[in-house]
Amino acid sequence: MNVLVDKQELKDSASLDRRDHHQPSERLIGRLISCTGSRGVISTSATNLSGTTADFWSIGRLISINIGETRIVGIVYEMNTSSDLWSDTVANIIYVKVELVGEISDTPTGPAFRRGITSYPHLGAIAHRIRASDLQAVYRVGHGVPVEIGKLSQDPSIPAAVNINDMLSRHFAVVGTTGVGKSSAVSILLRSAISVKPNLRVLILDPHNEYTSAFPDISVTIDASTLELPFWMFKLEEFVEVVFRGRKPSDGETDILRDMIALAKARYNSGGGVSSTLIKRPLAFDNGGMTADMPVPYRMSDLLKLIDDTLGKLDPGHDRTDLRMLKNRLDSLCHDPRFKFMFTKSTIEDNLDRVVSTIFRIPRTDRPITVFQLAGLPSEVVNSVASVLARMAFDLAMMSHGAYEILLLCEEAHRYVPQDPKLGFVPTRLAIARIAKEGRKYGAYLGMVTQRPGELDPTILSQCSTLFAMRLANEHDQEIIRSAIADSSASTISFLSSIGNREAIAFGEAIPTPMRMKFLFQNKENLPKTASGIAEVDRTSDASTVNLRALIARMRGADPEALA
Ligand SMILES: Nc1ncnc2c1ncn2[C@@H]1O[C@H](COP(=O)(O)OP(=O)(O)OP(=O)(O)O)[C@@H](O)[C@H]1O
Ligand SMILES: [Mg+2]
């Protein structure tokens, strides 16, 4: 590494390549002194790096290496001085390590970029600042409708664009430590997606009740008081999760529900009432082949009556204590105001129409986004609700034969699909995995947002083909993202721990080349924020002025406005 660059030579060659003749040449060009298959080292000299020129040789920047017909594009990933010292008076020799990402050739329509290197640069080749037109060519979205979501960090005059179709259809993820701007980025991405895809419907699982404010004009909000998901839409496992409140039921308890729900469904399907003959016969033969998981409605009254009748039998075939407990539990659930969303009084048929049209904004709507404020829901049902919604999203996209495309956006995605298979709720995991694996064929897409990619199921993360990696402090999380990048551009994210707020390294299907970008600045009105009255911290009150009565009333679900 002791090849020193002749300063005069550098100046001479700079004058050939340099576009801005006022810039000191020594800072703007260097010479290639080493090259492996995918990487190179450039030697240059500098007396002082400051101002805009300091930006030139800095991590994450693209530079170009001139080899005559074409220009090789490299990304700076490491820099050091030859002496490990810095002098303010004499020129310092610096080594700039770059990863070679592709090459640019001039065509009649302007510069064109191609990934990969066909002819390698020779030693001594001149490296210099990349031209703006070359930079644009590197990040030009070649097909589809490119949508601007931000600006390049390297040159804020150049838009950072993504191909929305590719981003959606191969799923995407936004990862980054808390407060870096993930939710704000998601709001930009969703607005862009809606603008180019009128038949897209978006379901946001919003655990912090923050997205309503980001889309006041194009979303509807469903919260604990307006949610309607009839109990019969829940699969057995999902229903069990609600009924037993997250505790693992005994086999006996699950068996009762399985048998009784199948009977109640058979009863609904046959259009009659619960006859005593039905339950006198052995249960296995009573349900007409119906299972508890078939997508057929049933009535809660039938289910309760079936349990009652079974209890009254000489040999109920189930543990009496289990039967009694289950009946009590169902009874109290039906009357618990927090579970009103599952046990509404309206008729089953009306219900389904309304549920589908409210949740999925079908048939037509100018508000294609549905925000599910999960913060107000009992925590033990959040998992089940997420599972039902993910399942419905997939089924509906599939059944509409492409008429509707549905994006399920999961904030805090690691809650639903955690890395540890023992955590999380199996049906939610399965429903999300199904969209991840097969959704693309039918128009069901995933958007995963998480602070902790290391805690997210790696198979789900690997299905997200476009990744917006924002600042990540945790080494393990960085490692996960590094391994998620298939190609050699791993050094692109070597600086992931130090990028600024709103900045992201975007890579994958929707972006031609990994790019360091800054999301567009959003006005306050378009930013996600916590819904007022639910979790917002009131900085004006202190412990001595808290109104306990109002606090308790609020815990009981009273309207905060009415309390004022
Ligand atoms: N694109 C943007 N335009 C303007 N301000 C932004 C933008 N992105 C982030 N911010 C600012 O940063 C703050 C935090 O952003 P945001 O809530 O999106 O972060 P986050 O990564 O989602 O955080 P958390 O992990 O806590 O959910 C915002 O309240 C806003 O003030
Ligand atoms: Mg957020």
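When a ligand or atom number is given, it counts from 1 through the structure's own listing order.
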As an exercise, identify every atom of ligand 1 less than 4.0 angstrom from a heavy atom of Ser184.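 That gives atoms 7 (C), 8 (N), 9 (C), 10 (N), 15 (O), 16 (P), 18 (O) of ligand 1.
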
So is Ser183 polar-close to ligand 1, meaning N/O to N/O under 3.5 Å?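 Between Ser183 and ligand 1 (N or O atoms, distance only) the closest approach is under 3.5 Å.
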
Any N or O on Glu411 sitting closer than 3.5 Å to an N or O of ligand 1?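 Looking only at distances, the answer is no, because the N/O contact criterion of under 3.5 Å is not met.
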
Can Lys518 and Asn501 be counted as having a side-chain donor-acceptor contact under 3.5 angstrom?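 Asn501 and Lys518 do not have a side-chain donor-acceptor pair below 3.5 Å.
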
In terms of side-chain heavy atoms, does His208 have a donor or acceptor partner in Gln373 at a distance below 3.5 Å?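 Short answer, no.
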
Tell me whether Thr178 has at least one N, O or S atom under 2.8 Å from the Mg ion (ligand 2). no

Could you tell me whether Gln451 approaches ligand 1 through its side chain, its backbone, both or neither, with non-hydrogen atoms closer than 4.0 Å? side chain

Side chain, backbone, both or neither: which part of Gln522 comes within less than 4.0 Å of ligand 1 when only heavy atoms are counted? both

Does Phe468 have its ring centroid less than 6.0 Å away from the ring centroid of Phe519? yes

In this structure, does ligand 1 have an atom that sits under 4.0 Å from one of the heavy atoms of Gly179? yes

Is ligand 1 less than 4.0 angstrom away from at least one heavy atom of Asn501?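 So Asn501 does not count as touching ligand 1.
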
Are any of the side-chain heavy atoms of Phe425 and Glu241 separated by less than 4.5 Å? yes

Check: Val76 main-chain N/O paired with Glu99 side-chain donor or acceptor under 3.5 Å: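 Checking the backbone N and O of Val76 against the side chain of Glu99, no donor-acceptor pair under 3.5 Å is found.
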
